[in-house]
Amino acid sequence: MCKAGDVVAVESPTYYGLLEVLEQRGLKALPIPTDPQTGISLELLEKALKRWNPRAIAVIPTISNPMGVTLSEEKKRMLVRLAEKYETPIIEDDVYGELVASGRRSRPLKSWSQSGMVYYCSSATKTISAGLRVGWVLVPPERREEARYQQYLASVSINTSAQLTLANYLSTANIHRHMHIAAQGYKRCRRGFVAQLEAKLPASVSISRPHGGFLIWVELPEYIDTSELLSCALERHVTFAPGELFSPDGEFKNCLRLNSALESNKVATRGIDILTELISSQMRKLE
């Protein structure tokens with residue numbers, strides 16, 4: 001739906017993979033401020049729609065990456081209505097939608113769209129198997145042939161074995177039980193990570209509390225550069241995603257994203273010990 005030079009509105013921060021795709025296609029990312037509790041600012045999004053006329057809105061409305069925030073159902077409805085009002089299609093990334101900790105599947109934006117304004121994307125990678133690289137997209141009927149052609153240009157061929165394996169699993173397994181177990185497992189892991197971080201870091205550090213998934217967003221004092229922190233961490237075999245990866249403008253240098261999809265064990269505990277030690281050391285040094 002876009003051509004080189006077009007503007008696409010995105011959450012800020014947003015998944016760095018999306019920013020890479022936009023850059024590769026010569027598109028311009030328009031960052032819309034996003035709150036770690038309530039999500040994307042619809043007020044500022046509407047102002048951007050009026051002023052910049054973006055060609056599309058790309059969002060992760062359920063368990064966003066990297067903040068882990070889930071929009072309320074009311075806000076999801078409002079977002080869809082806003083897109084329809086300004087005739088701006090939404091690209092909905094819903095790869096984490098099944099992993100809501102409450103066990104109640106959060107409704108996607110697509111369920112409120114009657115006009116075909118929402119292009120829905122999802123995947124089995126985050127829910128069934130990390131190595132099962134199979135995804136899907138729902139587009140308006142009149143755009144399906146074009147979507148198939150674009151998919152062909154992007155990947156030429158598909159992994160037939162992986163698709164057949166997934167199809168067989170979905171038709172024979174208790175998928176709802178699997179999703180429930182996965183969501184609860186990630187919930188335990190996430191809470192364990194957050195508890196350890198809170199116990200070892202000063203109160204001035206802000207730690208997100210997502211309602212699902214396995215990503216944790218950490219905001220450090222502004223004088224901390226997490227890219228420099230990463231260099232020190234890698235020397236001790238600990239890794240994370242520095243905040244500036246999630247911004248087209250190099251913002252969030254004092255933030256980082258952690259992946260907590262690991263049951264509590266000596267390796268995980270040791271990794272958090274090293275990370276919090278490095279953060280505390282940097283804070284003492286720069287205060």
Query raised in the report: At their closest point, which heavy atom of I40 faces which heavy atom of K75, and how far apart are they?
Result: O-NZ, 2.6 Å
Query - For Y169, ring-ring contact (aromatic ring centres under 6.0 Å, His included) partners two or more places apart - result: H178
**Report entry** Residues S155 and Q151: side-chain donor-acceptor under 3.5 angstrom
**Finding:** yes
**Report entry** I60-Y120 co-clustered via ILVMFWY side chain contacts under 4.5 Å
**Finding:** no
Requested in this report: Report whether I224 and I274 are members of the same hydrophobic cluster (ILVMFWY, side-chain heavy atoms less than 4.5 Å apart, transitive linking).
Outcome: yes
Query raised in the report: Do you know the tightest heavy-atom contact between A233 and F240?
Result: CB-CE2, 3.9 Å
Query raised in the report: Of the non-hydrogen atoms in F246 and L19, which two are nearest, and what is the gap between them?
Result: C-CD1, 3.7 Å
Query raised in the report: To the nearest 0.5 Å, what is the distance between CZ (R133) and OG1 (T125)?
Result: 4.5 Å
Requested in this report: Show your working on side-chain contact (heavy atoms from CB on, under 4.5 Å) between M1 and I91 and close with a plain yes or no.
Outcome: CA-CA 10 Å; M1 65 180 69; I91 302 170; 4.3 Å; yes
Report task. Please test C2 against V8 for side-chain contact (heavy atoms from CB on, under 4.5 Å), starting from the C-alpha separation and ending with a verdict. Result -> CA-CA 9 Å; C2 299; V8 177; 4.0 Å; yes
Report task. State which residue, out of R188, K187, R190, fulfils the salt bridge (Lys or Arg N to Asp or Glu O under 4.0 Å) condition with E263. Result -> R188
**Report entry** V59-W52 co-clustered via ILVMFWY side chain contacts under 4.5 Å
**Finding:** yes
Query raised in the report: Who passes side chain to side chain donor-acceptor pair (under 3.5 Å) against R191, sequence neighbours left out?
Result: none
Requested in this report: Indicate whether the side chain of E46 and that of Y86 have a donor and an acceptor atom separated by less than 3.5 Å.
Outcome: yes
Requested in this report: Check the hydrophobic clustering (I, L, V, M, F, W, Y; side-chain heavy atoms under 4.5 Å; chains of links allowed) and say if V118 and L138 are grouped together.
Outcome: no
Query - side-chain contact (heavy atoms from CB on, under 4.5 Å) between I175 and E98, worked out - result: CA-CA 10 Å; I175 189 65; E98 301 284 354; over 6 Å; no
Query - Side chain T34, main chain I32, donor-acceptor under 3.5 Å - result: yes
Query raised in the report: With a 3.5 Å cut-off and no angle check, do the side chains of S280 and K200 form a donor-acceptor pair?
Result: no
Query raised in the report: With side chains defined as the heavy atoms from C-beta onward, is the minimum distance between K47 and L44 less than 4.5 Å?
Result: yes
Query raised in the report: Under 3.5 Å, is there a donor-acceptor pair linking the side chains of E244 and S227?
Result: yes
Requested in this report: Determine, step by step, whether L230 and T239 satisfy the side-chain contact (heavy atoms from CB on, under 4.5 Å) criterion, reporting the C-alpha distance in whole Å, the side-chain angles of both residues, the deciding distance to 0.1 Å, and the verdict.
Outcome: CA-CA 7 Å; L230 178 61; T239 187; 4.0 Å; yes
Report summary line: For P54 and T88, the nearest pair of non-hydrogen atoms, with its separation, is O-CG2, 3.5 Å
